[in-house]
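Reviewing the structure listed below.
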Amino acid sequence: MPASHDHAAADGTVPGFGIDAIREAARRLTGHVVRTPLLNSPMLDDLVGARVLVKAECLQLTGSFKVRGALNALLTLDEDARRAGIVAYSAGNHGQGVAAAARLAGCPAVIVMPNTAPRIKVDNCRWWGAETVLYDPRTEDREEAARKIIEERGMTLIPPFDDPRVMAGQGTVGLEIAEQSRELGLTPDTVLVNCSGGGLAAGVITALDDALPGLAHHIVEPAGFDKMARSLATGRVCANPHPPDGLMDAISGPVAGARPLAVLRHHDVTGLTATDEEALAAMGTAHRLLKIVIEPGAAASLAALLAGKVDVRGKVVALVASGGNVDPAVYRKALAD
C-alpha cells in the first residue's frame with residue numbers, strides 16, 4: 001500500500017527529508033556518482049525562444065538518476081542489513097540504480113520487475129550482479145512480490161520514490177543544477193522535471209527552491225497517466241487507471257508517492273503532460289541538437305517544452321533528461337520521425 005500522509009506534516013515537512021538531508025546525501029555520494037553536465041544548445045534556445053539548460057542524467061552511472069537515491073539509501077543501512085541484502089521493485093531504472101548501488105557496497109540485491117520492462121533494463125540489472133524476479137503487472141502486485149522476498153530472505157526494501165533517503169539522493173540533481181547554473185552566470189526562472197512517483201521532482205524542486213526562491217515548478221507526466229497532477233489537485237494519493245501501454249514506462253508507475261506529494265504541494269507545483277508522439281519528437285531533437293540519447297519517459301519535460309505546454313519565452317529554463325535506457329527499436333523510431 002502507498003505510504004500514508006501521516007508521514008508528512010501539513011506544511012509539507014517530511015521527517016528525514018529537506019535541504020539539509022539533500023546536502024548530506026551530496027557529501028555521501030561524492031566520488032560514487034557522476035556530476036552530469038548541464039547542456040545547452042543555441043539551436044534549441046532558438047527553437048523555443050528561451051535559454052534551455054538540460055541536466056543530462058542519461059549520462060549518469062547506469063544511465064539514469066536513480067543510482068543517486070538508491071546508493072544514498074543503501075549507505076545509511078547498518079552492516080547487518082547490508083550483509084543480508086536489498087530488494088527493489090522497478091520498471092527498470094530504479095532497479096538498475098539499486099543493482100549498481102549494491103555492487104558498489106558489496107551486498108546482494110534482488111530486483112522485482114514487470115515482464116513488460118524493456119529488455120535492456122532487465123539485462124543491465126543482471127550485469128550489475130542483481131537477481132531479477134519478473135511479475136505480470138496485469139495480474140500480480142509488485143509490492144506483494146517484493147514483500148515475499150523480504151520475508152523469506154530478511155532483505156531490506158529500497159523503495160523507488162516514497163522514502164526520504166531516496167528523495168534526498170535524487171535532490172542532489174537539483175543541487176548540481178543550481179551550482180552549474182551559477183557557474184554559467186545564469187539564474188533559471190523555470191524548472192521542468194519528469195515525474196512518476198515524485199521522488200526526483202520532490203528532491204530537485206526542494207533543492208532549487210532553496211537556491212532560487214521564486215522559481216516556477218512544473219512536473220511532466222504521460223498524457224492520460226498524470227497521477228501526480230491529480231494527486232496535487234485532490235490532496236490525496238492517486239493511482240493510474242490501469243497499467244500503461246505507452247512508451248514512457250520510466251514515468252508510468254502505478255501510484256504517486258505520499259511523501260513526494262506532500263513536498264510538491266508545499267512548493268506550488270503545476271502539472272503538465274506529454275504524449276508518446278511528443279516524447280519521440282523530443283528524443284530526436286535531443287539527439288540532433290544536444291547529441292545525447294534519452295528514453296521516452298526522460299524526454300517528457302523536453303517534449304512539453306517543445307510542444308509549447310508552458311510559456312517560457314525570454315526565460316531561462318532548466319529541465320532534467322532523467323535517463324537514457326531505451327530499446328534500440330524505439331530509438332530508431334524516434335530518429336526516423
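As the structure is a computational prediction, the values presented were derived from the model and not from experiment.
In terms of modelled atom types and a separation under 3.5 Å, the side chain of Asn72 and the main chain of Arg165 share a donor-acceptor contact. With hydrogens and angles ignored, the 3.5 Å screen pairs a side-chain donor or acceptor of Ser231 with a backbone N or O of Arg236. Looking at Arg68, its side chain never comes within 3.5 Å of a backbone N or O of Ala25 through a donor-acceptor pair. Side-chain N or O atoms of Asp226 include none that pairs as donor or acceptor with a backbone N or O of Thr273 at under 3.5 Å. Side chain of Lys315 to main chain of Arg51: no donor-acceptor pair is present (N/O by atom type, distance under 3.5 Å, no hydrogens or angles).
Each side-chain hydrogen bond (donor to acceptor under 3.5 Å, both in side chains) pair with one or both residues in residues 80-96, not counting sequence neighbours, appears once here: Asp80-Arg83, Asn93-Gln96, Asn93-Glu295, Asn93-Asn325, Gln96-Asn124. Residue pairs meeting the salt bridge (charged side-chain N to carboxylate O under 4.0 Å, His left out) criterion with at least one partner in residues 199-212, sequence neighbours excluded, are Arg23-Asp210.
Shown here are the salt bridge (Lys or Arg N to Asp or Glu O under 4.0 Å) partners of Asp136, two or more places apart in sequence or in another chain: Arg138. A search for side chain to side chain donor-acceptor pair (under 3.5 Å) contacts involving Thr62 returns nothing, not counting sequence neighbours. Under the salt bridge (Lys or Arg N to Asp or Glu O under 4.0 Å) criterion, Glu24 pairs with Arg27, Arg28, not counting sequence neighbours. Residues meeting the side chain to side chain donor-acceptor pair (under 3.5 Å) test with Arg288, sequence neighbours left out: none.
Val112 is not connected to Val255 by any chain of hydrophobic side-chain contacts under 4.5 Å among Ile, Leu, Val, Met, Phe, Trp and Tyr, and they are in different clusters.
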